[in-house]
Participant: 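Have a look at this one.
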2 protein chains.
Amino acid sequence: MTEPSTAGRDSRAVSKFVEGFAAQLVEAGMQRMAARVFAALLASDSGAMTSAELGDQLRVSPAAVSGAVRYLAQVHMVSREREPGSRRERYRVHSDQWYEAVTSRDAVLTRWEQSLREGVDSLGAGTPAGERLAETLAFFEYLDGELVQLMARWREHRDRTFGKG
Amino acid sequence: MTEPSTAGRDSRAVSKFVEGFAAQLVEAGMQRMAARVFAALLASDSGAMTSAELGDQLRVSPAAVSGAVRYLAQVHMVSREREPGSRRERYRVHSDQWYEAVTSRDAVLTRWEQSLREGVDSLGAGTPAGERLAETLAFFEYLDGELVQLMARWREHRDRTFGKG
DNA sequence: CCTTAACTTCACAAATTTCTGAAACAAGCG
DNA sequence: CGCTTGTTTCAGAAATTTGTGAAGTTAAGG
């Protein structure tokens, strides 16, 4: 017998990946529900799902989906789409967009750098502690700049590998 | 009046930096106590502190310090030193060692890659979802390799800037 | 060896986070 | 306009995380 269209795939396999990958993300610091929603989108064929589909597949309430999606949208890991002429919303991983969000983490690095700058100032640039903070700061500033270039090279590499492949 | 030797520095300023920077680390996903211990070490002049000093400065129990240090040692952000002929242990940030730990995050990336590989297999390399996972996996593999080179360039850059400076 | 200082482990209490159901809110459609 | 469907907000219950005190372990020093 044929499976229903949305579940043409082995939903056992999908779930195993979703939960496993989400667990890894959680261990790295992401909120549990956000991780699960993200993994589910990543593992969907279209790369987009509605709130109802997510709630159904993950067995959670609309409220939980709402909260997770708000977070994911804030950090640019998914985008929201309004299907024209419907109150239904779709959440999508943009395949190239999302890992840019993971690496660039601009906001995080910037705040770290700001803290370190203040530390260097208040502890004194000449003190051993001040020098250690300054070196750390220099590292993050270096990292910032390098990541931009790294992402540029990745896009090129990706286009060669996937674009024409 | 002169301050006691260990607190020759403005302990108000130290604490402000420690708590502020730790908060940023927490927001990025690190455990609270580990973040505070790490920040305290970073802001110390010698780059090393004993368990007692840490507990005293952060106003927490030995147990809390123990837990935090175990974690930090596991992820190579501090190393433990046994002062010879004493049961006192010192915890140290190696100034160059620690941010290597932050970037390389080898363990994390490796586990992500493993999850993704399994996902590609079980969802099918030919399916749209499988292709998305494969592209994501390729990205992390690329990142792995690039980070190694990036760190090599940083060390060079650092030696030029701080080594002879 | 026995004492004692230092660290670790463990069970539990406190604080925080996470998810839910219910109610409020929005927006298409008749 | 009001009905209906879909999303968000909110207060609280449940689960998880975090830090403590106390007991346990290890090893230096008499």
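Order of the sequence lines fixes the chain letters, A, B, ..., with proteins taken first and strands second; residue numbering starts at 1 for each chain.
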Participant: Considering only heavy atoms from C-beta outward, does the side chain of A:Val78 approach that of A:Phe38 to under 4.5 Å?
Facilitator: yes
Participant: So A:His157 and A:Trp154, would you call those rings parallel, tilted or perpendicular, with 30° and 60° as cut-offs?
Facilitator: tilted
Participant: Dump every N/O contact between nucleotides 24-30 of chain D and the protein below 3.5 Å, one line per pair.
Facilitator:
{"residue": "D:dG29", "atom": "OP1", "partner": "B:Gly85", "partner atom": "O", "Å": "3.1"}

Participant: Is any side-chain heavy atom of B:Leu150 less than 4.5 Å from a side-chain heavy atom of A:Leu143?
Facilitator: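 Yes, close enough: below the 4.5 Å cut-off.
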Participant: Checking A:Arg117 now: which residues fulfil salt bridge (Lys or Arg N to Asp or Glu O under 4.0 Å) with it, not counting sequence neighbours?
Facilitator: A:Glu113, A:Glu141
Participant: Any pair with a residue in residues 118-135 of chain A that passes side-chain hydrogen bond (donor to acceptor under 3.5 Å, both in side chains), sequence neighbours left out, goes on the list, sorted by first then second residue, please.
Facilitator: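 Of all non-adjacent pairs touching residues 118-135 of chain A, those that pass side-chain hydrogen bond (donor to acceptor under 3.5 Å, both in side chains) are A:Gln114-A:Glu118, A:Glu135-B:Tyr99.
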Participant: Between A:Trp112 and B:Leu25, is any pair of side-chain heavy atoms under 4.5 Å apart?
Facilitator: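 Yes - at least one pair of side-chain heavy atoms lies under 4.5 Å apart.
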Participant: Considering only heavy atoms of chain B and a distance under 4.0 Å, specify the first and last nucleotide of DNA chain C in 5' to 3' order that meet this criterion.
Facilitator: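 Reading along DNA chain C, I get C:dA5 to C:dT9.
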Participant: Just wondering, do B:Arg80 and B:Arg90 contact through their side chains at under 4.5 Å, heavy atoms?
Facilitator: no
Participant: Is A:Val60 touching bases, backbone alone, or none of the nucleic acid, heavy atoms closer than 4.0 Å?
Facilitator: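 The residue A:Val60 makes sugar-phosphate contact but no base contact.
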Participant: Can you pull the salt bridge (Lys or Arg N to Asp or Glu O under 4.0 Å) pairs that have at least one residue in residues 15-24 of chain A, sequence neighbours excluded?
Facilitator: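 Salt bridge (Lys or Arg N to Asp or Glu O under 4.0 Å) check on residues 15-24 of chain A returns A:Glu19-A:Arg36.
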Participant: My understanding is that only residues two or more places apart in sequence, or in another chain, count here; which of them pass salt bridge (Lys or Arg N to Asp or Glu O under 4.0 Å) with B:Arg92?
Facilitator: B:Glu81
Participant: List the atom pairs, donor and acceptor, that lie under 3.5 Å between side-chain atoms in residues 56-65 of chain B and the rest of the protein, sequence neighbours left out.
Facilitator:
{"residue": "B:Ser61", "atom": "OG", "partner": "B:Ala63", "partner atom": "N", "Å": "3.4"}
{"residue": "B:Ser61", "atom": "OG", "partner": "B:Ala64", "partner atom": "N", "Å": "3.2"}

Participant: In residues 17-35 of chain B, which residues come under 4.0 Å of DNA chain D by heavy atom?
Facilitator: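 Output list: B:Arg32, B:Met33.
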Participant: B:Arg70 has an atom CZ; how far is it from atom P of D:dG19, in whole Å?
Facilitator: 13 Å
Participant: Among all residues two or more places apart in sequence or in another chain, which pass the ring pair (Phe, Tyr, Trp, His ring centres under 6.0 Å) test with A:Tyr71?
Facilitator: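 Residues passing ring pair (Phe, Tyr, Trp, His ring centres under 6.0 Å) with A:Tyr71: none at all.
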Participant: Where along residues 36-46 of chain B does a heavy atom come under 4.0 Å from DNA chain D, residue by residue in number order?
Facilitator: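 Under 4.0 Å from DNA chain D: no residue of residues 36-46 of chain B.
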Participant: Got a sec, which residues hit salt bridge (Lys or Arg N to Asp or Glu O under 4.0 Å) with A:Arg32, two or more places apart in sequence or on another chain?
Facilitator: none
Participant: Can you pull out every salt bridge (Lys or Arg N to Asp or Glu O under 4.0 Å) where at least one residue sits in residues 63-72 of chain A? Sequence neighbours excluded, please.
Facilitator: none
